[in-house]
2 protein chains.
Amino acid sequence: MTMDERKTAAEAWFRNLRDRIFAAFEALEDEGRDLPALPNAPAEPGRFATRTWTRTDPTGAPGGGGTMGLMKGRVFEKVGVNISTVHGTFPPDFAATIPGAAEDPRFFATGISLVAHMANPNVPAVHMNTRFLVTTKCWFGGGADLNPALPRQEDTRDFHAALKAACDAHHPEHWDRFSRWCESYFFIPHRNRQRGVGGIFYDYLECPDDAAFEANFAFTRAVGEAFLGIFPTIVRRRMAEPWDDAARLTLLRYRGLYAEFNLVYDRGTVFGLKTGGNADAILMSLPPEARWD
Amino acid sequence: MTMDERKTAAEAWFRNLRDRIFAAFEALEDEGRDLPALPNAPAEPGRFATRTWTRTDPTGAPGGGGTMGLMKGRVFEKVGVNISTVHGTFPPDFAATIPGAAEDPRFFATGISLVAHMANPNVPAVHMNTRFLVTTKCWFGGGADLNPALPRQEDTRDFHAALKAACDAHHPEHWDRFSRWCESYFFIPHRNRQRGVGGIFYDYLECPDDAAFEANFAFTRAVGEAFLGIFPTIVRRRMAEPWDDAARLTLLRYRGLYAEFNLVYDRGTVFGLKTGGNADAILMSLPPEARWD
């Protein structure tokens, strides 16, 4: 398989997954049509609106681009699902920190990134992101983690179980490594607590040959499938549960914590903002409403 | 004047200024007693509540502490006024970046820090912070900047004029240098815009001898007096102006930008959070409610 074939296959998968997530989330909006919604929610079930953007490399050359998908609905207060495929040349100081880029700063990256903030405080927020990177090396990375303001054991258990099954089908150590990596990545030192109740986080699943590419690509697809299998199930389980002002306040304060993590610690967010990434796409992860009080 | 006398004088000033700010802001709460307020505002005019905290130096030794002052009122949706006086030893890598600390990493710092988020979108938010630092060198730093969601020329003009007068009384170049420094400090690259409409930002006003200490201390006091003179005037001018949902939404979105700046770029916030500072005191600057939608 040539590198171009790998890139095309990965990009096509992320787009396919995006399309299916759009459909699954819009179906949840339809199912929630008659549920109580926020005062400022739309009258009709939400639908994704897309916006494409193009990137110019710092060298001045075309650098790819992406499509933002944003839905503000009744079940989903705000959900962003972005895909992007970009290429170009890393700045020298950044290249030094990326596997395989010190030798040659050219890169290619394709991926999907999703953050859902839900109207009902009983429904957990969620983050999912998977990507394929190419420098002189190439690798997959990503993860998915659940972010309930009001954690429920059953939801955490099922979310973990779905990701564990995806991991276990591909490597006996994946779950152990990647679930711990998730815990450590989403630890917020200044709050001395985790953001969320975990899931998996992985990176640098290198693909030196076709067998490794196939295995890691299959694992990355399995992560996407696991997400698509379990998250709508959890939404369906919780979206009709009643909530009160106190629960909404707990949600808004939890979202403050979520925004803090993303803006202070999240590598992708901080790097993207400081290096001229597409701010609208990067910041689509921020909550529609948050409180620090 | 011994260094201990300088430290004591600076600390006493910041405490005195804090007391007068408490009084001035509580008076505004009294004056606004009968104005329309937010649905979740208290029934009575707000009053500052204080909470003291102590700091343990990374060496394990006592490291000073501070007092947070927080008021959630009807005019002031959330205002934090903190004073602190801390001392200890900088970590080596940080010491290397601080004037006079490479030679000896011990430090002393005393200061006041204020952020006010106002209920009425017509009233600008404001930030003010001044401090006295001692390593093998010693210096004053600080500033004040206005953050209206709905900028008004008259308010910007008067706020700038008050700070310019304080600057001009102390050094012919202070206003020019420090107002530009403010513009550049509060520029948000990823939004390609400023946070706020400016004011002043200054640092490293070194005090190698008594004359320099007296001059820079007098300037720092003048900045505090200028703030105390002009900000309540602007609040009084605007606090009875009616507003609608659209203005409130503009305010909440502006606060999203404000939070972004503080969490991604503000040196004090990011450094404080990443080095075990008092997270509650540091994050008192975050808005009570914000939107990214």
Side-chain angles (χ1 to χ4, degrees), chain A residues 38-42 46 70-73 76-80 115 117 119 188-193 245-246 248-249 251-253 255-293, chain B residues 38-42 46 70-73 76-80 115 117 119 188-193 245-246 248-249 251-253 255-293:
Chain A
L38 294 172
N40 55 351
L70 179 66
M71 179 167 72
K72 295 178 189 176
F76 290 83
E77 188 175 341
K78 176 184 176 189
V79 53
V115 175
H117 294 286
I188 308 178
H190 69 263
R191 298 289 192 186
N192 193 31
R193 59 168 288 187
D245 288 350
R248 175 79 185 168
L249 191 57
L251 173 65
L252 296 182
R253 288 173 174 159
R255 287 180 178 171
L257 186 86
Y258 191 94
E260 270 172 42
F261 178 85
N262 280 27
L263 294 170
V264 178
Y265 295 104
D266 187 64
R267 296 189 296 199
T269 303
V270 174
F271 174 77
L273 293 180
K274 293 197 171 176
T275 55
N278 184 306
D280 288 338
I282 295 164
L283 296 176
M284 197 174 280
S285 68
L286 294 177
E289 186 180 359
R291 292 192 70 91
W292 287 273
D293 60 355
Chain B
L38 294 172
N40 55 352
L70 180 66
M71 177 165 75
K72 295 180 190 174
F76 290 83
E77 188 174 342
K78 177 185 176 188
V79 51
V115 175
H117 294 285
I188 308 178
H190 70 262
R191 297 289 191 186
N192 193 32
R193 59 168 287 188
D245 288 351
R248 174 80 185 167
L249 191 57
L251 173 66
L252 297 183
R253 288 173 176 160
R255 287 179 178 172
L257 187 85
Y258 191 96
E260 271 172 40
F261 177 86
N262 280 28
L263 293 171
V264 177
Y265 294 104
D266 186 65
R267 296 188 297 198
T269 304
V270 174
F271 175 77
L273 293 180
K274 293 195 170 176
T275 55
N278 184 306
D280 289 337
I282 296 164
L283 295 176
M284 199 174 279
S285 69
L286 293 176
E289 186 179 359
R291 293 192 71 91
W292 287 273
D293 60 356

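If you measure heavy-atom distances from B:N40 to chain A, the contacts under 4.5 Å come from the side chain alone. Residue contact with chain B, scored on non-hydrogen atoms closer than 4.5 Å, is absent for A:R255. The contact between A:P288 and chain B is made by backbone and side chain atoms together, counting heavy-atom distances below 4.5 Å.
Note on ring orientation: taking the six-membered ring where Trp is involved, the planes of B:Y258 and B:H117 are perpendicular (angle over 60°, cut-offs 30° and 60°).
Every residue meeting the side chain to side chain donor-acceptor pair (under 3.5 Å) condition with A:D293, not counting sequence neighbours, appears here in chain and number order: A:R253, A:R291.
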Counting only pairs under 3.5 Å, give me each side-chain donor-acceptor contact of residues 280-287 of chain A, with atom names and distances, residues two or more places apart or in other chains.
unit_1	atom_1	unit_2	atom_2	d
A:S285	OG	A:N262	ND2	3.0
A:S285	OG	A:I282	O	3.4

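Side-chain contact check for A:F261 versus A:R191: every heavy-atom pair is 4.5 Å or farther apart.
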